[in-house]
Amino acid sequence: MSLLSLSSPGWGGVLLMGLLMSLQVAIGGYLLGLLIGIGGAAGKLWGGPILRDLLEVYTTVVRGVPELVLILILYYAGTDAVNQLMQLLGLPAVDISGLTAGIFVIGVVQGAYSTEVLRGAILAVPPGQLEAARAYGMSPLLSLRRITFPAMLPYAIPGLSNLWLIATKDTALLAVVGFAELTLVTRQAAGTTKAFLTFFLAAGALYLMVTLVSNLIIGIIEKRARRGFARPEGAA
Amino acid sequence: MDKVDRQINADGEGNMTDKAQAIEVRDLYKRFGPLEVLKGVSLSASQGDVIALIGGSGSGKSTFLRCINMLELPTAGSVTIHGETIEMKQDGHGGLMPANRRQIQRIRTKLGMVFQSFNLWQHMTVLQNVIEVPVHVLGQPKDQAIAVAETLLRRVGLYEKRDAYPAFLSGGQQQRAAIARALAIQPLVMLFDEPTSALDPELVGEVLSVIGDLARENRTMILVTHEMKFARQVASHVIYLHGGVIEEQGPPEAIFENPQSERLKKFISSIH
Amino acid sequence: MDKVDRQINADGEGNMTDKAQAIEVRDLYKRFGPLEVLKGVSLSASQGDVIALIGGSGSGKSTFLRCINMLELPTAGSVTIHGETIEMKQDGHGGLMPANRRQIQRIRTKLGMVFQSFNLWQHMTVLQNVIEVPVHVLGQPKDQAIAVAETLLRRVGLYEKRDAYPAFLSGGQQQRAAIARALAIQPLVMLFDEPTSALDPELVGEVLSVIGDLARENRTMILVTHEMKFARQVASHVIYLHGGVIEEQGPPEAIFENPQSERLKKFISSIH
Amino acid sequence: QEVKVGVDSGPYPPFSSPDASGKWVGWEIEIMDALCAEAKLKCVLTPLAFDGLIPALTSKKIDAIMSSMSITDERKKMIDFSDKYYNTPTAVIGPKGVKFEPTAEGLKGKIIGVQVSTIHAEYAQKYFGKAVSEIKEYQTQDEANADLAAGRLDAIQADLITLDAFLKTDAGKACCELKGNVKDDPAILGSGVGVGLRKEDTAMKDKFNAAIKAIRTNGTYDTISKKYFDFNIYGK
Amino acid sequence: MSEVTAIPAYQAPKARSLFEPHRIFLMVLFAIILLSMAWFMRWDWIPKYQTRLLWGIWETIVMLFSTAIAGFILAVPLGLVQVTGPKPLAWLARGFCTLIRGTPLLLQLWLLYYGLGSLFAQYPEIRQSFLWPYLRQAWPYGFAALTISFAAYEGEVMRGAFAGVPKGELEAAKAYGMGRFTMFRRIWLPRAIQRTLPTLTGETVIQLKSTPLVATVTVVDVYAVISKVRQDTFLTYEPLLLLAAIYLILTGILVFSFRQLEKRIPNRGV
Ligand SMILES: Nc1ncnc2c1ncn2[C@@H]1O[C@H](COP(=O)(O)OP(=O)(O)OP(=O)(O)O)[C@@H](O)[C@H]1O
Ligand SMILES: Nc1ncnc2c1ncn2[C@@H]1O[C@H](COP(=O)(O)OP(=O)(O)OP(=O)(O)O)[C@@H](O)[C@H]1O
Ligand SMILES: [Mg+2]
Ligand SMILES: [Mg+2]
């Protein structure tokens with residue numbers, strides 16, 4: 001247990017820092033993903049044929065290619081490309097930080113998944129409700145904000161909450177670029193001290209805490225979102 | 001019946017031209033896949049007119065209403081609201097598509113609609129449903145919108161249910177909420193799709209008087225209904241839709257007491 | 001009005017007892033939170049009876065129907081179908097709950113229902129909707145069920161739409177599909193919740209004749225409707241619901257021509 | 001001149017591992033400091049995934065690798081190496097109470113574990129591949145050790161120092177013992193561990209070679225090694 | 001009115017052609033990228049690893065389908081009891097989903113394999129039993145961990161889907177005397193699946209990309225083979241690109257087949 005104490009001989013502080021880093025990337029990536037997802041779902045449902053095809057390529061490719069490959073390509077090939085461009089322009093080389101790359105990659109990946117979650121949820125909204133919005137002259141944006149979005153939330157929340165939990169754990173991928181997030185520091189602590197069980201359980205507990213807190217918040221949001229929906233109760 | 005014939009049918013009424021033109025629908029066609037539902041329907045209404053649209057189930061009444069505000073894109077034809085024609089262009093698959101979304105949006109704010117299936121927003125209470133468009137589309141101050149909404153809800157007898165969600169209302173209550181929602185935007189033209197189907201006779205009377213009030217305010221209404229008595233009391237002009245075309249039209253007395261076409265005669269006789 | 005009084009009201013009709021009892025509802029109470037919708041409603045019907053339930057919007061007609069097949073659990077009261085009383089027990093919150101799910105299920109197969117909001121299964125075509133219960137609940141062979149279904153669909157004029165999904169049907173077509181679905185199970189007792197609200201007069205006539213046929217086959221029907229003329233033509237007994245209780249009941253002639261209570265008089269007068 | 005030196009972000013005690021305050025410690029880290037001081041280079045330690053070290057080197061994210069990377073012909077196709085700075089023999093361990101030699105006959109019919117893509121994996125494939133019933137490849141050495149302790153392996157082949165460290169832990173002491181060193185094959189087992197460098201970076205290579213020679217002769221190398229090992233780690 | 005608009009002949013709502021201009025453009029672009037990759041990069045290692053790669057792909061596919069199917073079968077009751085089950089069961093299911101979704105899959109796998117697995121090893125009774133040859137292998141643990149994880153994530157999705165089926169449609173089923181199971185099988189489940197399909201596709205693709213974790217317990221899937229190639233050859237991009245291509249093709253097949261399922265029940269446009 002002393003291994004987990006917060007100050008130096010113990011690794012608790014390192015783990016907490018790792019958690020903080022993970023959360024930073026996860027929140028950034030998730031929000032970016034949500035933005036992309038909203039645009040993507042709207043584009044897939046209401047966009048022109050070209051946009052729809054492009055989005056289909058995006059969601060298929062990004063979901064299909066393992067995140068690890070994406071992050072390596074972006075981090076190595078991408079920085080190379082950016083720096084060559086900078087050189088051509090006579091500018092000094094930039095160093096894309098692990099954090100930026102991480103948020104970007106996780107955001108792009110999450111965007112592809114949320115596009116599909118949101119599309120499914122929007123399709124689940126009874127079409128009449130959206131028709132009513134249009135019939136009264138709501139602009140697409142307004143009806144998205146006032147009607148579509150709140151009406152589809154109950155259908156989207158489970159999928160979106162899954163994505164959030166996946167985001168918190170996908171940060172582990174950034175270990176390949178040496179980004180000190182929770183999974184990596186856990187492995188380091190465990191490997192150094194050989195106290196595998198202790199550290200893996202500790203990390204598990206930290207993740208679980210994040211989940212429980214998230215569940216609490218999601219629960220509140222979901223409760224609000226489900227107002228007005230008659231639940232299918234017992235199968236009496 | 002050929003096209004020219006229909007054309008004459010549609011424009012043949014003289015008594016409509018003395019007031020400003022509110023709606024003008026020309027030669028509307030609508031096809032769902034292989035099924036041609038509307039085969040050239042025209043209609044014109046002046047301000048303050050109440051036009052009743054009658055016809056068998058599945059004859060395309062709802063489709064026609066929905067084409068007027070472009071919820072359903074017509075295959076061919078044009079719609080003009082208060083002098084402004086909705087711009088359409090070919091969509092490349094033998095149909096039309098809107099050329100100018102903004103314009104449609106603007107025109108739609110002048111059109112109210114009560115849907116056959118109500119289409120209340122399930123995530124909002126009755127009151128929120130009613131004030132939604134006034135506040136968020138028309139930009140009215142919220143207090144004012146609430147005041148208007150409460151008056152309307154009182155009128156349709158739904159004041160006590162203003163904070164209930166639609167899923168917990170009876171059929172008739174939902175329909176009244178839908179009517180209040182459409183009235184709240186005070187549209188120039190109101191499209192009613194069977195607005196009394198779930199209402200008891202007393203409430204039907206109330207809706208009747210609402211429609212009368214609207215007409216007196218010089219608003220225009222198109223009303224789909226299966227209740228012939230109701231149509232007769234309220235309409236200034238009745239259109240009988242059959243087989244995708246206007247089979248017969250005229251003032252209510254003529255239609256109900258002296259129908260010309262065989263089809264309409266049969267239809268009227270079944271009211272007994 | 002106290003309980004004993006109501007009891008007499010409900011049982012006071014002599015002409016129902018000469019045939020076998022089909023439905024017997026006693027003293028039904030139903031409360032939604034603070035709102036008491038039914039305050040002791042009793043009803044009894046013999047085989048072949050057609051009972052029309054009329055009343056204002058929100059008066060609890062649908063709730064009453066839904067309590068008969070236990071879709072809504074009554075707060076108090078009992079329901080007996082063809083001599084079998086549905087077993088209920090206290091749920092510990094001042095309401096009732098079913099004591100025997102099997103029994104309810106079995107009884108429900110004898111009850112057909114046409115919902116006010118149709119409730120067609122959206123993931124099935126019209127034909128699939130109609131054969132679903134015969135095949136998967138009653139265990140009829142599929143061919144036979146299809147044959148029956150097609151006959152029914154022809155009768156309600158929906159044969160061409162048998163392979164369409166409900167979302168693509170007009171309101172009246174959906175309602176007809178819902179009627180066909182309920183008829184396909186050939187129930188002993190049929191509960192109709194405003195089965196003609198979306199139908200044109202010709203189809204109303206058709207439904208009328210369907211109901212007549214059912215009555216001749218000695219099936220029992222309870223019919224909620226807002227169309228008084230329809231109620232009058234079809235019903236053997238009319239019940240007027242108001243304020244959660246039966247305000248008045250009797251044979252159609254008595255109710256419509258010689259209403260006793262002030263409330264009913266006002267209701268009837270608004271039909272004009 | 002600043003030199004970014006890449007090390008495996010996974011801990012590899014006693015060579016390189018982070019301590020609880022996040023500082024990297026170990027024999028290899030001290031050697032690195034000594035080399036850099038000798039060559040007058042300002043070295044910046046950069047932890048990365050082991051997989052990512054060579055790509056990072058070639059894409060100039062780092063300038064040198066010091067992460068117990070053996071000098072092999074395959075690797076030489078991609079990068080260059082300095083002279084070796086240590087070399088340890090390869091050994092086999094197994095459960096207590098079962099006697100066998102670390103040879104093909106001795107391992108006949110057994111399940112042997114190695115770390116994936118190491119020189120040991122290649123060696124085991126070549127010399128024991130036909131005799132043993134299965135070669136299981138593990139992502140990390142710790143996992144192989146755990147499986148040996150759990151009875152799912154009959155033997156592990158790895159670097160003597162790593163195995164020695166495992167045998168000194170409680171789990172190691174309880175279950176297993178050293179079975180002996182395997183016959184050397186320099187073609188596979190390589191000629192020791194060197195500093196990985198870019199091929200075109202010959203100046204850097206010269207500096208490291210000179211520095212290695214210098215600390216070997218001035219006694220720094222031995223002083224550091226004595227703190228960690230009680231035998232000659234440089235090898236022959 | 002003379003300008004009687006001739007309405008254009010009806011054109012059947014054809015499936016959109018593959019050969020619309022922008023699609024051709026995309027395909028050409030793709031072909032160029034592919035060709036330049038083939039030309040400028042090193043692929044000479046493929047023949048050497050060919051059989052192992054094929055085995056790896058097979059292993060991945062088997063892992064994916066077996067765990068997704070088993071996981072889905074578990075997910076259905078997990079979602080259902082949360083919506084309608086008795087309170088204790090609902091809490092149990094909810095707790096299970098939270099626990100599994102809340103902790104990394106790697107940790108679960110690790111606990112199962114190195115924790116539980118080595119516990120088994122300590123009991124001679126188990127070591128002697130006929131189960132031991134299986135328990136000694138890695139795939140049962142990989143299978144169990146992946147199945148549980150899929151069940152938990154998908155259980156959450158199914159919960160939303162079950163709750164979202166319009167109440168009226170269930171009432172109709174009840175009113176006609178459908179048994180609880182029949183109603184579930186014929187109405188509730190198909191309706192729930194129908195509206196959860198797009199999300200289900202995503203979850204399955206995520207599952208595909210979770211399968212590499214089994215490599216940590218020595219199951220050799222395609223990802224493990226590619227890792228080996230990378231570590232053997234020190235090529236940075238080529239093996240990863242091949243891996244990406246393999247996963248892309250698998251994803252493409254998944255997405256396409258799920259989209260076909262989606263299309264089986266038409267949806268009125270939104
Ligand atoms: N689930 C519910 N929760 C709360 N209140 C409800 C619920 N269902 C119905 N009510 C209320 O109970 C009352 C009776 O509803 P019911 O649907 O039985 O009316 P109805 O007589 O069928 O009316 P209508 O003719 O409009 O269909 C209404 O005031 C309604 O708002
Ligand atoms: N989205 C659609 N796709 C295909 N066919 C449709 C669609 N909407 C309506 N139809 C068909 O078009 C015809 C006309 O439908 P519409 O809803 O306009 O009828 P209606 O006159 O309003 O009938 P009702 O009185 O029953 O409401 C019907 O046969 C219907 O099945
Ligand atoms: Mg209609
Ligand atoms: Mg009702």
Side-chain angles (χ1 to χ4, degrees), chain C residues 62 65-73 81 98 101-125 128-139 163-169 177-178 181-191 193, chain E residues 10 12-13 76 79-81 83-90 158 160-200 258-270:
Chain C
S62 299
L65 275 202
R66 291 158 54 81
C67 280
I68 290 178
N69 58 9
M70 296 291 146
L71 286 181
E72 217 70 79
L73 295 177
I81 308 286
R101 282 175 192 284
R102 294 262 140 142
Q103 189 210 24
I104 290 191
Q105 222 167 284
R106 195 182 58 245
I107 290 180
R108 277 175 178 163
T109 58
K110 300 183 196 158
L111 295 168
M113 179 155 188
V114 177
F115 291 84
Q116 189 169 11
S117 49
F118 319 150
N119 291 345
L120 291 170
W121 295 308
Q122 301 285 321
H123 60 301
M124 299 178 179
T125 62
Q128 286 168 344
N129 262 283
V130 177
I131 65 169
E132 178 65 22
V133 177
V135 172
H136 291 275
V137 179
L138 308 177
D163 291 326
Y165 284 92
F168 301 96
L169 295 182
R181 178 175 69 172
L183 292 176
I185 53 182
Q186 309 199 294
L188 293 173
V189 175
M190 182 72 104
L191 309 173
D193 199 347
Chain E
Y10 171 66
V76 168
L80 191 66
V81 296
V83 176
T84 177
K87 280 268 161 59
L89 262 185
M158 288 311 290
F162 281 127
V165 172
K167 194 162 164 255
E169 291 180 39
L170 299 181
E171 285 182 347
K174 285 187 225 165
Y176 298 138
M178 278 198 187
R180 299 216 285 168
F181 182 70
T182 315
M183 173 176 88
F184 172 73
R185 183 173 63 89
R186 298 289 310 167
I187 312 291
W188 210 353
L189 184 63
R191 279 290 268 147
I193 290 179
Q194 182 199 353
R195 56 181 46 208
T196 189
L197 270 180
T199 313
L200 184 58
F258 273 107
R259 193 55 53 83
Q260 288 319 99
L261 275 182
E262 241 181 85
K263 275 193 193 142
R264 280 190 31 192
I265 298 166
N267 209 317
R268 230 175 78 197
V270 287

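Small disclaimer: the values here were computed from a predicted structure and weren't measured. Chain identifiers are assigned alphabetically (A, B, ...) following the order of the sequence lines, protein sequences preceding nucleic acid strands; residue numbering begins at 1 within each chain.
Between C:N119 and E:K167, every side-chain heavy-atom pair lies at or beyond the 4.5 Å cut-off. Looking only at side-chain heavy atoms (C-beta outward), C:E132 and E:M178 come within less than 4.5 Å of each other.
Between the CE atom in C:M124 and the CZ atom in E:R191 there is a gap of 10.0 Å [rounded to 0.5 Å]. Here the straight-line distance linking atom CD of C:Q105 with atom NZ of E:K174 works out to 11.5 Å at 0.5 Å rounding. To the nearest 0.5 Å, the span separating CD on E:Q194 from NE2 on C:H123 amounts to 7.5 Å. Note that the CE atom of E:M183 and the NE2 atom of C:H136 stand 15.0 Å from one another [nearest 0.5 Å].
Interface residue C:L120: only backbone heavy atoms are found under 4.5 Å from chain E. At a 4.5 Å heavy-atom cutoff, the contact between C:R66 and chain E is made by side-chain atoms alone.
Partners of E:E262 by salt bridge (Lys or Arg N to Asp or Glu O under 4.0 Å), not counting sequence neighbours, listed by chain and number: A:R119, E:R259.
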